[in-house]
Amino acid sequence: MSSGSGSLMWFRKGLRIHDNPALEYASRGTTRVYPLFVIDPHYMEPDPNAFSPGSTRAGINRIRFLLDSLADLDSSLKKLGSRLLVLKGEPSQVLIRCLNEWDVKKLCFEYDTDPYYQALDNKVKNYASAAGIEVFSPVSHTLFNPADIIEKNGGRPPLTYQAFLKLAGEPSWASSPLSVELSSVPPVGDVGTCEISQVPTLKELGYEEEDQDEFTPFRGGESEALRRLRESLSDKEWVANFEKPKGDPSAYKKLATTVLSPYLKFGCLSSRYFYQCLKDVYKNVKRHTSPPVSLVGQLLWREFFYTVAFGTPNFDKMKGNKICKQIPWNDDDKLLAAWREARTGYPWIDAIMVQLRKWGWMHHLARHSVACFLTRGDLFVHWEKGRDVFERLLIDSDWTINNGNWLWLSCSSFFYQYNRIYSPISFGKKYDPNGNYIRHFLPILKDMPKEYIYEPWTAPLSVQTKAKCIIGRDYPKPVVSHDTASKECKKKMGEAYALNQRLNGVVSEEDLRKLRRKSDEVDEEQEPKPRRLRQKLIK
DNA sequence: TAATGGTTGATGTC
DNA sequence: GACATCAACCATTA
């Protein structure tokens, strides 16, 4: 209540001690701090109807990563004289109850641009303000405040990376030291009748024991984030010469990137601290790469997408999204399922989808391959469907970045060269001619000779037999022929682009239906008639 | 209005 | 390994 004297520190992302302005503010000038995390059952508890182990919203790997992060945060808070209070329930209800029952005069939490948090935070903020509780909600998830960039650009987000760079410049805090140390946190106050629990284990949340092999090799938490950061930064040459597009997507033993994305997503690692560390490395080397390809460039891509997403209504949809091309995607659940379940019959694609299941992480270019294949490259399935699969299964899935990249890859926004299609055969081959990556994630193909491993359906039956993998029985035949499917996709994209141009982006449901019908008719003309029908015609 | 440049394609030629 | 070709996109800038 307004008469309170303590602070409530509400953790959501930003699961860290270092560079955490909300926590710092909560700890200042007060004798009691309540560090709270709310477990939303919808996000955390098992949903037996979901297509993979996990909750309604998240796959088990990301839930595990989050639990690791919470346990690590709790342990760090304990070292500072505090602890993490875990409560279960619908977050706004839980928050409001805590504000009512506890001795709170300040409510502190990191500002969040995701629509989910915008709505939730407004509810909580309104309640707190009405109750006379001070609200402190700083921007610390990103380097910049997206609203500032949009304002600088006259109220509209920049739509190219280069335009973004010019507007953004150096972040305002770049030259002053960040507060990365916190010596203590005031003790927890009286929690009244609230049922506080420990950070649960997966088992306590109701998950079955899973085979260890099914879990991601990446552990969550700030400690692990900082360890990984230091490990990456220790190779100064590597940091200085980093060029993202030159990374090898098929590398699975020594990875081509830092794999700090999941830690940035949950805020186990501060993007600002990461930025400063990188700049420190640059200062001490003769030359270094630059955005967009450098490591700093990667952080700025994140900022770019955060800015556009924040300034674009319906950013996560095709309909009602002003920057999204309206394209007559199909709704083929069989093709979607084949892609999702790693049985497209293209080993390069399927291996990547297995890595997604098992690790919850793949190289950026591997993501490109499978996203292109599902949408504009081969299957012509709606990007929103692929987005949903990634959102669930990735440990680093971030609402803004995931949607931004699906818009990009499907040539719906940002990138428009739909003629450039990743080949599901030759793209992987150029990095990994022996197919080691495929053999690792698709062991059924481990004895397939390298001449056939990217196209096993072309292997003579004797070779298939010797490799103990009969195509069509042990491993599926291709769901589509890449040559014909990709040609058709290009044609459909061309038609859709022409329509968008003609109608100036205002494309109705009916327009899309017409376009779908039109291309179906053309298909029928070109496709050979089914054999029986043809025989009838011959008679 | 026209010119410019764009994180990461595939293929064939030299 | 570099380059042109494919076909011709877009947002931004001059």
**Q** Specify the separation, in whole Å, of atom NE2 of A:H482 and atom C1' of B:dG9.
**A** 10 Å
**Q** Evaluate whether atom CZ of A:R513 has more than 12 neighbouring non-hydrogen atoms of other residues, nucleotides or ligands under 6.0 angstrom away.
**A**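 Counting other residues, nucleotides and ligands, CZ of A:R513 exceeds 12 neighbours.
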**Q** Quickly work out the A:K490 NZ to C:dA8 P distance and round it to whole Å.
**A**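 These atoms are roughly 11 Å apart.
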**Q** Taking DNA chain C as the partner, which of residues 148-159 of chain A come within under 4.0 angstrom of it by heavy atom?
**A** A:P158, A:L159
**Q** Taking atom P in both B:dT7 and C:dT13, compute the distance separating them and give it to the nearest angstrom.
**A** 13 Å
**Q** Sequence neighbours excluded, which residues qualify as side chain to side chain contact (heavy atoms under 4.5 Å, CB included) partners of A:R57?
**A**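 Here the qualifying residues are A:H42, A:Y43, A:S55, A:E391.
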**Q** Do A:K358's NZ or CZ and the ring of A:F441 fall within the cation-pi criteria of under 6.0 Å and 45°?
**A**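 That pair does not qualify as a cation-pi contact.
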**Q** List the residues meeting side-chain hydrogen bond (donor to acceptor under 3.5 Å, both in side chains) with A:W339, not counting sequence neighbours, and say none if there are none.
**A** none
**Q** Can you tell me how far C1' in B:dA3 sits from the matching atom in C:dA8, rounded to whole Å?
**A** 15 Å
**Q** Can you check whether A:T258's main-chain N or O pairs, donor with acceptor, with A:R228's side chain at less than 3.5 Å?
**A**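 Looks like yes, one N/O pair under 3.5 Å.
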**Q** Which part of the nucleic acid, if any, lies within contact of A:K430, taking any heavy atom under 4.0 Å across all strands shown: a base, the sugar-phosphate backbone alone, or nothing?
**A** sugar-phosphate
**Q** Just need the stems in DNA chain B: three or more back-to-back Watson-Crick or G-U pairs, each with both distances under 3.5 angstrom, sorted by first number.
**A**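 So far as stems of 3 or more pairs are concerned, DNA chain B shows B:1-6 with C:9-14, B:9-14 with C:1-6.
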**Q** Identify, with sequence neighbours excluded, every residue that meets side-chain hydrogen bond (donor to acceptor under 3.5 Å, both in side chains) alongside A:R12.
**A** A:D121
**Q** Would you list the protein and nucleotides 1-7 of chain B atom pairs, both N or O, that sit under 3.5 Å from each other?
**A**
residue : atom : partner : partner atom : Å
B:dT7   : OP2  : A:Q162  : NE2          : 3.3
B:dT7   : O4   : A:H364  : NE2          : 3.3

**Q** Taking side chain to side chain contact (heavy atoms under 4.5 Å, CB included) as the definition, give me every residue that meets it alongside A:D350, ordered by chain and number, with sequence neighbours left out.
**A**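 Expected list: A:A342, A:T344, A:L442, A:Y475.
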**Q** Here's one to test your reading of the geometry: is the NZ or CZ of A:R392 within 45 degrees of the ring axis of A:F51 and under 6.0 Å from its centre?
**A**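 Yes; both conditions hold, so A:R392 lies above the ring face of A:F51.
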**Q** Taking only the P atom of each, what is the distance from C:dA7 to B:dA2 in whole angstrom?
**A** 23 Å
**Q** Just the rounded figure in Å: distance from P of C:dC6 to CE of A:M493.
**A** 21 Å
**Q** Please table the atom pairs, donor to acceptor, closer than 3.5 Å between any side-chain atom in residues 158-169 of chain A and protein atoms at least two apart or in another chain.
**A**
residue : atom : partner : partner atom : Å
A:T160  : OG1  : A:A163  : N            : 3.1
A:Y161  : OH   : A:G297  : O            : 2.9

**Q** Check the distance between C:dC9's P and A:I421's CD1 and give it to me in whole angstrom.
**A**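 Result: 16 Å.
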**Q** Rounded to the nearest angstrom, tell me the gap between atom CZ in A:R420 and atom P in C:dA4.
**A** 14 Å
**Q** Which of residues 496-503 of chain A have a heavy atom under 4.0 Å from DNA chain C?
**A**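 Within this stretch, A:Y497, A:Q501 sit under 4.0 Å of the strand.
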**Q** Distance-only, no hydrogens or angles: does the A:R516 side chain make a donor-acceptor pair with backbone N or O of A:W329 under 3.5 Å?
**A**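 Flag set: sc A:R516 to bb A:W329 pair under 3.5 Å.
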**Q** State which residues pass side-chain hydrogen bond (donor to acceptor under 3.5 Å, both in side chains) with A:T400; sequence neighbours excluded, sorted by chain then number.
**A** none
**Q** Is the NZ or CZ atom of A:K325 both under 6.0 Å from the centre of the six-membered ring of A:Y497 and within 45° of that ring's axis?
**A** yes
**Q** Whole angstroms only, please: what is the OH-P distance between A:Y418 and C:dC9?
**A** 7 Å
**Q** Going by the salt bridge (charged side-chain N to carboxylate O under 4.0 Å, His left out) test, which pairs reach into residues 146-155 of chain A, not counting sequence neighbours?
**A**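 Qualifying pairs, neighbours excluded: none.
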**Q** Would you check if the side chain of A:S413 reaches a backbone N or O of A:I323 as a donor-acceptor pair within less than 3.5 Å?
**A** yes
**Q** To the nearest Å, how far apart are A:K166 NZ and C:dA14 C1'?
**A** 11 Å
**Q** Less than 3.5 Å apart, any donor N or O on the side chain of A:S250 or A:D248 sitting next to an acceptor on the other?
**A**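 Side chains of A:S250 and A:D248: pair found under 3.5 Å.
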**Q** When you measure from the side chain of A:Y416 to the backbone N and O of A:F414, does any donor-acceptor pair fall under 3.5 Å?
**A** yes
**Q** Between A:W361 and A:T216, do the side chains contain an N or O donor and an N or O acceptor separated by less than 3.5 Å?
**A** no
**Q** For nucleotides 11-14 of chain B, list the nitrogen or oxygen atoms of the protein found under 3.5 Å from its nitrogen or oxygen atoms, one pair per line.
**A**
none

**Q** Does the side chain of A:K325 get closer than 4.0 angstrom to OP1 or OP2 of C:dC9 through an N or O atom?
**A** no
**Q** Rounded to whole Å, please give me the gap between OH in A:Y431 and P in B:dT8.
**A**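 So the OH-P distance, A:Y431 to B:dT8, works out to 11 Å.
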